[in-house]
Amino acid sequence: MNRFAVSEHPLDAAVLENLVCDDKCGGLVTFSGIVRARSDDGRDVSGLAYEAHVELAIAEFEQIAREAGERFGECAIAIHHRIGDLVVGETAVVVVVAAAHRAATFDACRFAIDALKERAPIWKREAFVDGTTEWRENRCTDEAPG
Amino acid sequence: MTVRVVAFARLRELLGFSQCEFDLPDGARVDDAWDVLVAGVPAIADLRASTRIACNGGVTEGARALRDGDELALLPPVGGG
């Protein structure tokens with residue numbers, strides 16, 4: 001199993017945690033992005049369809065992990081993103097960070113998911129309960145609510 | 001020369017293909033390839049400013065000269081996570 005992947009198969013955070021955690025690991029943070037039932041503009045969502053430029057997306061994950069190491073010190077990162085059709089409640093992305101101490105794990109995990117949403121060549125189309133669909137672009141990190 | 005274009009998301013839908021090969025004159029640049037696409041589907045014209053274009057796996061500039069066999073990927077604003 002690679003640390004960086006784009007997959008049509010359901011994601012398993014425990015698998016990623018095992019990839020990054022070794023005897024140097026004193027802290028581990030896992031972020032899972034879940035398909036929720038309500039869109040940002042209040043519409044009822046039935047599911048999301050994700051697509052990606054897989055090669056470029058994985059290269060971007062690797063770059064994000066390198067940058068996280070430069071910013072926050074030595075840490076081990078795994079990022080998997082799902083593509084295909086997902087229903088409400090399914091996991092779309094998992095970011096796992098392991099490091100010696102907790103501060104770096106929280107900081108690097110937040111940095112990695114924000115950078116992924118800003119840069120990774122992945123797209124989602126929301127499908128609504130009323131039968132309509134819409135491509136949804138991420139807002140810039142600086143504008144996104146906390 | 002022949003260039004392969006791969007398209008994603010909204011651009012894929014507007015262009016009507018996920019990948020397609022185009023014949024371009026020698027000396028053509030990335031922007032020339034985009035102009036060929038716009039000539040076929042004028043509805044994409046306004047999307048150039050928000051579209052990143054990758055050539056052979058790396059994001060590139062419109063002025064880049066193309067070579068036979070290059071692959072251009074059209075990357076609309078992203079929505080991952």
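All chains are named by letter (A, B, ...) in the order of the sequence lines, taking the proteins before the strands, and each is independently numbered beginning at 1.
- Note: A/His53 leads A/Arg82, A/His53, A/Arg125 in heavy-atom pairs under 4.5 Å with chain B.
- Of the two parts of A/Glu137, the backbone and the side chain both hold a non-hydrogen atom closer than 4.5 Å to a non-hydrogen atom of chain B.
- The aromatic rings of A/Trp123 and B/Phe8 lie parallel to each other, their planes meeting at an angle below 30°, with 60° marking the opposite boundary.
- Atom CH2 in A/Trp135 sits 10.0 Å away from atom CG in B/Leu11 (nearest 0.5 Å).
- Using a 4.5 Å cut-off between heavy atoms, A/Ala52 touches chain B through its backbone atoms (N, CA, C, O) alone.
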Given A/Lys124 and A/Glu126, is the salt bridge (Lys or Arg N to Asp or Glu O under 4.0 Å) satisfied, shown in steps?
CA-CA 6 Å; A/Lys124 67 169 167 275; A/Glu126 287 185 327; over 6 Å; no
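- Contact annotation for B/Ala54: only side-chain heavy atoms (C-beta onward) come within less than 4.5 Å of a heavy atom of chain A.
- The aromatic rings of A/Phe61 and A/His81 lie parallel to each other, their planes meeting at an angle below 30°, with 60° marking the opposite boundary.
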